[in-house]
Amino acid sequence: MPVYALVDANNFYVSCERVFRPDLEGLPVGVLSNNDGCFVSRSAELKALGVKMGQPFFETRDLVRRHKVHVFSSNYALYGDMSSRVVACLHGFTPSLEVYSIDESFLDLTGIGGPLPAYAADIRARVKRWTGIPTCVGIGPTKTLAKLANHAAKKALLDPSGVCDLSDPAVRARVLPQVPVADVWGVGRRNAVRLSQLGVTTAADLRDLDPRLARQALTVIGERLVQELRGLSCLSLDRMPSPRRSVAVTRSFGQPVTEWDTMRQAVASHAARAAEKLRAEGMVAEALHVFVRTSRYRPGPACNDSVTVGLQPASADGFVLIAAAANAARRIWRDGVPFSKAGVILTGLRPADRVQADLLDTTDRAKAARLMAAVDAVNSALGRNTLVSAATLGHGWRMRQNNRSPSYTTRLADLPVARA
DNA sequence: TCTGGGGTCCTAGGACCC
DNA sequence: TCTGGGGTCCTAGGACCC
C-alpha cells in the first residue's frame, strides 16, 4: 500500500513576509491579492478577528485600523523564491515528490522505515529551520486522505502536533466524521450542496456513499473520491508535470478604463507578458483569446465580451502577439463602457521547435526569433520591462499596490541588511 | 471610491467523416 | 411512406483547485 504525505505551508504568503519581518510574529497580518483587492492569506490572529479568505480589503478598513493589522500587497517574486527553497529542502526526504502548488507538495513515503509521525515531525522541523516557513504534514494511503490528514493537522482535530497520520483505519474512523464534506479535496461549494441533498454532509458520509450514486451526482470525480476516502488509491504521484495547456495574463484595472488607447496599452502589455512566459518555456501558441469586461459588482449594464483568433503560424513573438491582441480587442471594444478588467489567454501550445512551416509566410522568422531572444536577455539581466514594445507604454490601467514588501531574495537592492 | 489571478478536468453537443 | 451508425475532434461552459 502506498504512503503519501502532503506538506502544506501555514498561511504561506504571510509566513514569507514574516521570515523577513520577525517582529510581526504573533500579530494579525494579511496579504492582499493583485490590485490590493481581497485577502488571499491571513495569519491565525487575523483569522481570529473574523477576516475571511477572499474578503474585500475595503470592507475591513475599520477593523484593520482598530487592531493595527499589518497588510501587505502581494509580492509573487518573494513567494515564488521561498517556495523553491521549501521544495529543495523537501527533496532531502524523498526522491519522489510532486509539487502540487506554490505552497504544497505530495511526497511518496512508501517504504520509509520507522514511525511515520516522527519522520513527518523531522520534515516540519527541517523546513522551518532551513527556510523559516512553518508547515503541517498529513499522511495517508491515498492523496485524498493525505490531503484530509493535512486539514486535520492544521485544525488540530486529534492533537496540536502539526502532524496527522491517517494510515490507520481506526484513526480515520475518528477523524472523517468531524470533517464537513465541503472540506474534502475536490468537493467544493456546489458539489457540497448536491451531496447534502443525498444526506451526505461529512467526509465519513461520502466514504460510505454508493460509488454509483457518487458518480451520478459528481461524475467520475465523485466515484474516485469515494474510493480514495476508502483507502483505495486512484490518484498517483505526478512527478513530471505535464506540459502546460494555456498561458493567461489577466488584470483588473486600478480604475475603470473608458479610453480605447488605455485599453490597447493594457491588452498589448498582457500579450507581451504572455509571450514572454511562452518563450521562457520554449513554446508557441496556435490561438489567442482576448476578453474585456465590466465590473461584476457595479450596477448598470454589464459587458463581458471575448474573441479568439488563430495564429498562423503558431507564435511566441511579442510583436506578433501584441498586434493580434490589439486587433482582437478593437473588435470587442465599446466606447463609453467602463471596463474593469481585460485579459489575454494563449492556447494550442506546442514546443517551438515543432512548428509547421508556412510556405506563404514571407517574414524572416529566424531574424524575429533572434530579436526576441535579445529582448529576453536584456530583461533577464537588467530586470523585467527594461526593454518593452512602445505599444505597451502608458499607465492609465495599472493596478494599485500600496503595501508591497521589498524583493528581499530576488533583487540585489532589496537584500536585507544584518547588523551585528 | 474600493471586490484577484492562473490553472486543470469533465461533459455535452455539434461538426465532420466514412 | 420509408433516410444509419459509429467514431473522432473541437469547443463552450461549468465545476474544481490554490
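All chains are named by letter (A, B, ...) in the order of the sequence lines, taking the proteins before the strands, and each is independently numbered beginning at 1. Keep in mind that the numbers below use all heavy atoms, side chains included, and drop hydrogens, waters and symmetry copies.
Among the atoms of the strands shown, only primed sugar atoms or phosphate atoms (P, OP1, OP2) are found under 4.0 Å from some heavy atom of A/E104. Residue A/F12 is out of contact with every strand shown, counting any heavy-atom pair closer than 4.0 Å. Using a 4.0 Å heavy-atom distance criterion, A/V193 is classed as making no nucleic acid contact.
For A/F106, the ring pair (Phe, Tyr, Trp, His ring centres under 6.0 Å) test picks out A/Y100, A/W185, with sequence neighbours left out. Checked against side chain to side chain donor-acceptor pair (under 3.5 Å), A/E281 has the following partners two or more places apart in sequence or in another chain: A/R244. Legend: residues meeting side-chain contact (heavy atoms from CB on, under 4.5 Å) with A/D159, ordered by chain and number and at least two apart, are A/S161. When the side-chain contact (heavy atoms from CB on, under 4.5 Å) test is applied to A/D261, the partners found at least two apart in sequence or on another chain are A/R264, A/Q265.
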I need a per-nucleotide contact map over nucleotides 1-13 of chain B, read 5' to 3'. Cutoff is protein heavy atoms under 4.0 Å; write B for the base, S for backbone only, - otherwise.
-BBSSSSSSSS--
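Atom CG of residue A/D108 and atom CG of residue A/L237 lie 5.5 Å apart, to the nearest 0.5 angstrom.
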Pairing string of DNA chain C (Watson-Crick or G-U wobble, both atom distances under 3.5 Å; | = paired to other strand) is ....||||||||||||||
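Rounded to whole Å, the separation between the P atoms of B/dC2 and C/dC18 comes to 30 Å.
An OP1 or OP2 oxygen of C/dC17 is reached within less than 4.0 angstrom by no side-chain nitrogen or oxygen of A/K143.
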